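One structure is given below, encoded as structure tokens.
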Amino acid sequence: MVSRTYTTRRSGILQALANKLKAIDGTGDYATNLFENVSPRLLFWDEVTDFPAVHLNAGQETREYQGGGYKDRFLQVTVRCYVNEEEAQDALSALLEDVETILEDNSSLEYLDRKGVKHRTQQITIVSIDTDEGVLEPLGVAEMTIEVRY
């Protein structure tokens, strides 16, 4: 097999993010207990049965070409958060704060490529946050778009 310097590492990054998000357990600084209900893939709304939940989806990936043959890679990731509570918007706010804490604390995220080689992201940036604004109560859904530079 040919060894490649630059390949997509989408699945490795998503798995590493999911593993970090599983730390949201309602203790310490965390307001929410996900009960490790985190998936590195997006599920359809009707597939979500356990709440609260966080699902990840890899989106567009772009390259920025630098001098000397170096490339920066940028991966858009959608972080979808689900709750089912009486005060859904309050629960979503708490969950979003917990997710943001994980992302801020792990901006230089260690992940494995397909061959098991360790790498680190350069930066994780939150691009946008959007919620259903309570129209689905007692269900609630929020989307956070992040950009992972690696």
Side-chain angles (χ1 to χ4, degrees), residues 4 6-64 71-150:
R4 298 181 184 156
Y6 291 102
T7 60
T8 183
R9 298 184 181 142
R10 300 162 71 88
S11 61
I13 291 170
L14 287 183
Q15 188 60 58
L17 280 169
N19 291 342
K20 290 295 182 184
L21 289 167
K22 288 179 182 180
I24 299 174
D25 62 1
T27 64
D29 292 334
Y30 302 115
T32 309
N33 187 349
L34 284 175
F35 307 101
E36 294 193 12
N37 194 13
V38 180
S39 174
R41 71 174 191 89
L42 190 62
L43 297 178
F44 291 107
W45 180 256
D46 61 342
E47 294 178 293
V48 180
T49 57
D50 296 321
F51 298 92
V54 173
H55 299 147
L56 306 172
N57 184 50
Q60 177 182 3
E61 189 171 348
T62 59
R63 306 283 193 271
E64 187 176 296
K71 300 175 198 170
D72 281 324
R73 293 160 285 187
F74 299 87
L75 174 63
Q76 295 286 323
V77 176
T78 300
V79 180
R80 190 161 294 145
C81 302
Y82 302 97
V83 297
N84 185 358
E85 292 192 27
E86 192 69 29
E87 298 293 329
Q89 289 305 296
D90 291 342
L92 270 178
S93 292
L95 180 52
L96 287 167
E97 287 175 15
D98 290 343
V99 170
E100 187 169 355
T101 298
I102 292 288
L103 295 175
E104 293 292 328
D105 290 348
N106 294 282
S107 189
S108 178
L109 178 70
E110 186 176 279
Y111 64 94
L112 300 175
D113 66 14
R114 292 184 313 184
K115 293 183 177 184
V117 177
K118 289 182 184 179
H119 299 278
R120 287 199 162 275
T121 61
Q122 294 175 23
Q123 182 177 349
I124 298 175
T125 305
I126 297 172
V127 176
S128 67
I129 300 173
D130 193 22
T131 73
D132 68 347
E133 298 301 327
V135 299
L136 300 173
E137 281 206 19
L139 299 175
V141 63
E143 275 192 1
M144 179 184 289
T145 303
I146 63 174
E147 180 180 75
V148 180
R149 180 180 188 163
Y150 69 100

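Quick note: residue numbers are just sequence positions, from 1. Everything numeric in this text was worked out from a predicted model, so none of it was measured.
- Counting only residues at least two apart or in different chains, salt bridge (charged side-chain N to carboxylate O under 4.0 Å, His left out) contacts with residues 28-46 are absent.
- Here the straight-line distance linking atom CZ of Arg9 with atom CG of Leu14 works out to 14.0 Å at 0.5 Å rounding.
- Within the 4.5 Å cutoff, no side-chain heavy atoms of Pro52 are placed close to those of Val54.
- We find the CZ-CZ distance between Arg10 and Arg73 to be 12.5 Å, quoted to the nearest 0.5 Å.
- What you find for Tyr111 and Gly12 is that their closest heavy atoms are CB-O, 3.6 Å.
- Residues Gly59 and Leu75 share a closest heavy-atom pair of O-CD1, 3.8 Å.
- The two residues Ala23 and Ile102 make their nearest non-hydrogen contact at CB-CD1, 4.2 Å.
- Evaluation of the side chain to side chain donor-acceptor pair (under 3.5 Å) rule for Asn19 yields Gln15 as partners, not counting sequence neighbours.
- For the side-chain contact (heavy atoms from CB on, under 4.5 Å) test, residues two or more places apart in sequence or in another chain that qualify with Asp50 are Asn37.
- In this view, Glu86 satisfies the side chain to side chain donor-acceptor pair (under 3.5 Å) rule with no residue, not counting sequence neighbours.
- Residues satisfying the side chain to side chain donor-acceptor pair (under 3.5 Å) test with Glu137, not counting sequence neighbours, are none.
- For Glu143, the side chain to side chain donor-acceptor pair (under 3.5 Å) partners are Arg80, not counting sequence neighbours.
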N/O donor to acceptor pairs below 3.5 angstrom from side-chain atoms of residues 92-99, sequence neighbours left out:
{"residue": "Ser93", "atom": "OG", "partner": "Gln89", "partner atom": "O", "Å": "3.1"}
{"residue": "Asp98", "atom": "OD1", "partner": "Ala31", "partner atom": "N", "Å": "3.2"}
{"residue": "Asp98", "atom": "OD2", "partner": "Ala31", "partner atom": "N", "Å": "3.1"}
{"residue": "Asp98", "atom": "OD2", "partner": "Thr32", "partner atom": "N", "Å": "2.8"}
{"residue": "Asp98", "atom": "OD2", "partner": "Thr32", "partner atom": "OG1", "Å": "3.0"}

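- With sequence neighbours left out, Glu85 forms a side-chain contact (heavy atoms from CB on, under 4.5 Å) with Ala91.
- Annotation: ring-ring contact (aromatic ring centres under 6.0 Å, His included) contacts involving residues 74-101, sequence neighbours excluded, comprise Trp45-Tyr82, His55-Tyr82.
- You'll find the side chain of Leu56 reaches within 4.5 Å of the side chain of Leu21, heavy atoms only.
- Of the options Leu17, Leu34, Val38, a side-chain contact (heavy atoms from CB on, under 4.5 Å) to Lys22 is made by Val38 and by none of the others.
- With sequence neighbours excluded, the residues forming a side-chain contact (heavy atoms from CB on, under 4.5 Å) with Asn33 are Asp25, Phe35, listed by chain and number.
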- Task: Please lay out, stage by stage, how Thr78 and Leu42 fare under the test side chain to side chain contact (heavy atoms under 4.5 Å, CB included).
- Result: CA-CA 9 Å; Thr78 300; Leu42 190 62; 5.7 Å; no
Return all side-chain donor-acceptor pairs below 3.5 angstrom for residues 117-129, not counting sequence neighbours, or 'none' if the list is empty.
{"residue": "His119", "atom": "NE2", "partner": "Asp113", "partner atom": "OD2", "Å": "2.9"}
{"residue": "Arg120", "atom": "NH1", "partner": "Ser108", "partner atom": "O", "Å": "2.4"}
{"residue": "Thr121", "atom": "OG1", "partner": "Ser107", "partner atom": "O", "Å": "2.7"}
{"residue": "Thr121", "atom": "OG1", "partner": "Leu109", "partner atom": "N", "Å": "2.8"}
{"residue": "Gln122", "atom": "OE1", "partner": "Arg149", "partner atom": "NE", "Å": "3.1"}
{"residue": "Gln122", "atom": "NE2", "partner": "Tyr70", "partner atom": "OH", "Å": "2.8"}
{"residue": "Gln122", "atom": "NE2", "partner": "Asp72", "partner atom": "OD1", "Å": "3.3"}
{"residue": "Gln123", "atom": "NE2", "partner": "Thr125", "partner atom": "OG1", "Å": "3.1"}
{"residue": "Ser128", "atom": "OG", "partner": "Thr145", "partner atom": "OG1", "Å": "3.4"}

